[in-house]
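Notes for the one structure printed next.
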Amino acid sequence: MTVLRRTAGVLAATAVIGTATPATTALAAGTSPSPSASAVLPSGLYGGSDPKFDGVWRQSLALLAQRAVGVTPAAKAVDWLAGQQCANGSFAAFRAEPTAACDAQVPVDTNSTAAAVQALKAAGGHDDDVAKAVSWLKSQQNKDGGWGYTPGSASDTNSTGVVIGALAAAGASADRSPYDLLAKWSIPCAEDGGGALGYQPDKQGKLAANADATAAGVLGALGKGFVTTAGKAPAEGYAYACAGSGSGSGSGSGSGSGKALTREEVARNGAAYLGDAMSATGHLVSTLPGAKPQPDYGNTADAVVAMAAQGWTKPAKKPYAWLEAHAVPWAQQSGPAAYAELILAAHAMGADPRDFGGTNLVTALNATGPAPRAAAAKHTEEKKSGSSVWWIVGTGLVAGIGIGFLLSGRRKQQQL
């Protein structure tokens, strides 16, 4: 799960072509396209950038992050997300005219739908919407057990992982097991990139290690969604390594034995790859075609979540500390989805997102959209309290009115 997930189809195309479009290059750098001068952003939407590519995705992450830390989202924020759903249960990245019926021209996708399922389930009160979306997702499962980004497209690890998380959040299950596919796409430990999962095989059937796909695959193998707490930590002396490397506990295909990996081994090996990839610098590096290599904040946050879900909070401490020291400017530039990713990383690690290297991520996220219900109610109470104080001042200090107002009945709103 990254801020870039919304461009999965474009990224797949540019990986083949070998060059990135200006739009994807800008997104890789942590920026978002600005809305056109004539665009009017919906009042319930989080973020101020053009929602064309990521409206449902960023809204879903924002709502999930809020619920994860005990914040009740604004009703109109939840309603906006629910209103984006098509009649068949699917979601597109963004529908500028949600009252219009969805037709073949509306580019619905599994990632937006799966994210919305998790968010609406967490928000509560939208069981029918969730059920319709789950039914649509199940209808899109490919014969190999996985899911592609768009209807009818080939399966990929990212989409498969996020749909597994959505089904788990909704208490549903797939008609065919997707875990065999994840095991099949786990790179053997002895090979280059051992332990990682590939996004999908190339035309020759070969897999290339992909950090984003690996993080999604680990969560998928564990049957977990975007919001997760740390799994059980391993015993003292445990080797954080790919199974079959000499200190592992399993001997699946990841060890080169030819035996299919279990779900647990897929998750362990993926976590081992992510840990190794970040052991030196504390972060992952973006390798988007056509863009200069640079720290990959979003994938680093996702890797921390995946490792924590596996119970590997110990090796995840270094990348989490790196995020605390470096990721806030990226989130400020990128918007609500980025803030949400950092909040979910803190949540998974058992850390406080309200003190993320000195920054209150929850307050920062809330400020990008409609005020959460608790904050809105408090603001109303403070206004009423302020009016009462002013009534007392007005009736008890009439004689001093000529010297100006010395008291203020409006208290400063406490940060969430």
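For reference, positions follow the sequence shown, starting with 1.
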Does atom CG of Asp355 have more than 12 heavy-atom neighbours from other groups under 6.0 Å away?
yes
Tell me, yes or no, whether the heavy-atom count around Asp103 atom CG, taken from other residues, nucleotides or ligands under 6.0 Å, exceeds 12.
yes
Less than 3.5 Å apart, which donor and acceptor atoms pair up between the side chains of residues 313-325 and the rest of the protein, not counting sequence neighbours?
from: Lys318; atom 1: NZ; to: Ser279; atom 2: O; distance (Å): 2.7
from: Lys318; atom 1: NZ; to: Ala280; atom 2: O; distance (Å): 3.2
from: Glu324; atom 1: OE2; to: Gly357; atom 2: N; distance (Å): 3.2

Less than 4.5 Å apart, side chain to side chain, heavy atoms only: is that true for Leu61 and Phe226?
yes
Any side-chain heavy atom of Tyr240 within less than 4.5 Å of one from Pro234?
yes
Mind checking what makes side-chain contact (heavy atoms from CB on, under 4.5 Å) contact with Cys86, not counting sequence neighbours?
Asn88, Ser90, Arg95, Cys102, Val106, Val108
Report the residues that fulfil side-chain contact (heavy atoms from CB on, under 4.5 Å) with Pro107, sequence neighbours left out, ordered by chain and then residue number.
none
Atom pair NE2 (His347) and CZ (Arg67), whose distance is rounded to the nearest 0.5 Å:
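If I round to the nearest 0.5 Å, the distance is 11.0 Å.
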Going by atom types alone, do Asp109 and Thr150 pair a side-chain donor with an acceptor below 3.5 Å?
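No, Thr150 and Asp109 have no side-chain donor paired with an acceptor closer than 3.5 Å.
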Check this for me, if you would: do Asp54 and Arg58 make a salt bridge, where the nitrogen-to-carboxylate-oxygen distance has to be below 4.0 angstrom?
yes
Determine the interplanar angle of the Phe94 and Trp80 rings, folded into 0 to 90°, and report it as parallel if under 30°, tilted if 30 to 60°, perpendicular if over 60°.
parallel
Kindly state each residue pair satisfying salt bridge (charged side-chain N to carboxylate O under 4.0 Å, His left out) with at least one member in residues 139-156, sequence neighbours excluded.
none
Return the minimal non-hydrogen interatomic distance between Gln310 and Ala271, and the atom names on each side.
CG-CB, 4.0 Å
Could you tell me which non-hydrogen atom of Thr300 sits nearest to which non-hydrogen atom of Leu284, and how far apart they are?
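Looking at all heavy atoms of both residues, the closest pair is OG1-N, 3.0 Å.
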Taking only residues two or more places apart in sequence, or in another chain, which ones meet Tyr46 in a side-chain hydrogen bond (donor to acceptor under 3.5 Å, both in side chains)?
Gln66
Residues which pass side-chain hydrogen bond (donor to acceptor under 3.5 Å, both in side chains) with Asp276, listed by chain and number, not counting sequence neighbours:
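Expected list: none.
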Aromatic contact between Tyr273 and Trp312, with the criterion being ring centroids under 6.0 Å apart: yes or no?
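Judged by ring-centre distance (under 6.0 Å), Tyr273 and Trp312 do not meet the cut-off.
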